[in-house]
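Since the structure is predicted, the reported quantities are computational estimates derived from the model, not experimental observations. Both counts, for ligands and for their atoms, begin at 1 and track the order of listing.
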Amino acid sequence: MARELTQLELLKELEPTAEANVNRHLKTARDWNPHDYVPWDEGKNYAALGGTDYAPEDSHLDEVAKAAMITNLLTEDNLPSYHRVIAENFSMDSAWGHWVGRWTAEEDRHGIAMRDYLVVTRGVDPVALEQARMIHMTNGYDPMLAAADRAEEMKANGEEVGLLHSVAYVTFQELATRVSHRNTGKACNDPIADRMLQRIAADENLHMIFYRNICGAGMDLSPDQTLRAVTDIVTNFQMPGAGMPNFRRHGVLMAKHGIYDLRQHLEEVIQPVLRKWDVFGRNDFGPAGEKTRDELAAFLEQLDKDATRFEEMRDRALAREAAKREKQAS
Ligand SMILES: [Fe+2]
Ligand SMILES: [Fe+2]
């Protein structure tokens, strides 16, 4: 079996890919200003400055849009946790360091734009939002949290959890947030919010491409090792909202109304990335990699079944609710 590469070897071997992709990113990314996406004339002071505090009737967002906006913003707010993971696993020198800085600055722009929009338009309760942010950021985030057993096992085997796991995680996470922001924009029923969230979603796509290319280069360099990391992440993936107040309730609302559900997770996030890496077509895996690939295939098959079951349940629930509304109306 091919020897696993150490973190230092991976960083060194993948550095040219990182450099090429930082350059590609800088050429492709478009600069934009968060203040251009906020309807400032809709704003008014809160009570501390002589105005009135938020009341639920101030918001023009429905429950689904509110839940999605809060979840997406808290995820952006939690940037220091993600920065920590990336900065710990990447080097702060060379192209790696440049990327960490640039990516962090771009992500911060997302939180700024969404927060300004929500506070100015009174889309959600700003006090509840601030309290949730405090809890969520204090909890922090560890992408291997969901795979804690697997992380323990690796440590016991003397294996390192590092670069490959974090780039695999952020590849899927960037794409997941892209899908979630895009659908949240539509759910807000406000062209200004929609434009802002489409703008942010476009950034997330470029971030995804960066990480996907690094992870893809890792797959070419050390196929079994990289596929193991990818499989650990895919089979334990949790949306970043875990650890957020109301995460379960918000997650259910978002899944129920097509902001982010299992089918989208499988078909718009997991599968396109695995196809790009040609995970099921390539023939450079060793025996260990082949075994991992079988494990991944079995997981995806089950995920497909779970998605179908969820969709059937959702269709029935939505039909029941529609019938109830009709009955009330007549
Ligand atoms: Fe973001
Ligand atoms: Fe991003």
Side-chain angles (χ1 to χ4, degrees), residues 18 21-22 24-38 68-87 89-90 96 98-118 129 132-133 136-137 140-141 143 165-188 193-216 233 237-244 247 250 254 259-260 264-265 268-270 272-273 276:
N21 277 277
V22 169
R24 184 200 51 78
H25 180 83
L26 294 176
K27 258 199 235 108
T28 333
R30 221 188 76 198
D31 273 326
W32 57 278
N33 293 296
H35 68 254
D36 290 331
Y37 292 80
V38 178
M69 270 293 206
I70 291 169
T71 305
N72 292 2
L73 173 53
L74 290 180
T75 303
E76 299 288 348
D77 278 337
N78 209 17
L79 176 61
S81 293
Y82 299 105
H83 171 86
R84 201 157 51 225
V85 172
I86 294 297
N89 289 301
F90 287 15
W96 294 114
H98 191 116
W99 172 258
V100 174
R102 169 77 194 204
W103 171 79
T104 305
E106 287 189 15
E107 290 295 357
D108 199 19
R109 189 181 275 158
H110 300 168
I112 292 168
M114 291 171 74
R115 172 167 300 276
D116 285 348
Y117 172 86
L118 287 175
L129 182 65
R133 189 183 68 82
H136 188 48
M137 278 185 68
Y141 191 70
H165 282 86
S166 41
V167 287
Y169 179 77
V170 282
T171 302
F172 296 112
Q173 196 222 324
E174 293 284 2
L175 192 47
T177 50
R178 177 200 189 194
V179 169
S180 183
H181 285 318
R182 211 170 40 187
N183 293 331
T184 302
K186 291 181 206 137
C188 283
D194 193 32
R195 205 178 316 128
M196 170 182 70
L197 289 166
Q198 304 315 321
R199 181 58 256 165
I200 294 175
D203 283 0
E204 310 297 21
N205 195 46
L206 291 183
H207 298 159
M208 180 277 291
I209 292 171
F210 178 89
Y211 294 121
R212 189 189 64 194
N213 290 350
I214 301 288
C215 202
I233 293 299
F237 190 83
Q238 267 195 334
M239 278 299 277
M244 240 175 232
F247 174 59
H250 288 169
M254 287 164 74
I259 308 276
Y260 198 84
Q264 290 160 323
H265 181 60
E268 294 176 37
V269 175
I270 305 289
V273 171
K276 197 81 190 169

| said: I'd like to know if the Fe ion (ligand 2) has an N/O/S atom from His110 within less than 2.8 Å of it, counting both backbone and side-chain atoms. | reply: no
| query | Closest to the Fe ion (ligand 1), which N/O/S atom of Glu204 is it? | reply | OE2
| remark: With rounding to 10 degrees, Glu174 OE1, the Fe ion (ligand 2) and His207 ND1 define an angle of 100°
| Can you list the residues that meet the side chain to side chain contact (heavy atoms under 4.5 Å, CB included) rule with Ala193, with sequence neighbours excluded? | Met69, Tyr117, Cys188, Asp190
| request: Return the orientation label for the Trp99 and Phe210 ring planes: parallel under 30°, perpendicular over 60°, tilted otherwise. | output: parallel
| query | Going by the salt bridge (Lys or Arg N to Asp or Glu O under 4.0 Å) test, which pairs reach into residues 174-183, not counting sequence neighbours? | reply | Arg182-Glu268
| query | Which single N/O/S atom of Glu107 lies at minimum distance from the Fe ion (ligand 1)? | reply | OE1
| field | Where Asp194 and Lys186 come nearest, the two heavy atoms and their spacing | value | OD1-N, 3.4 Å
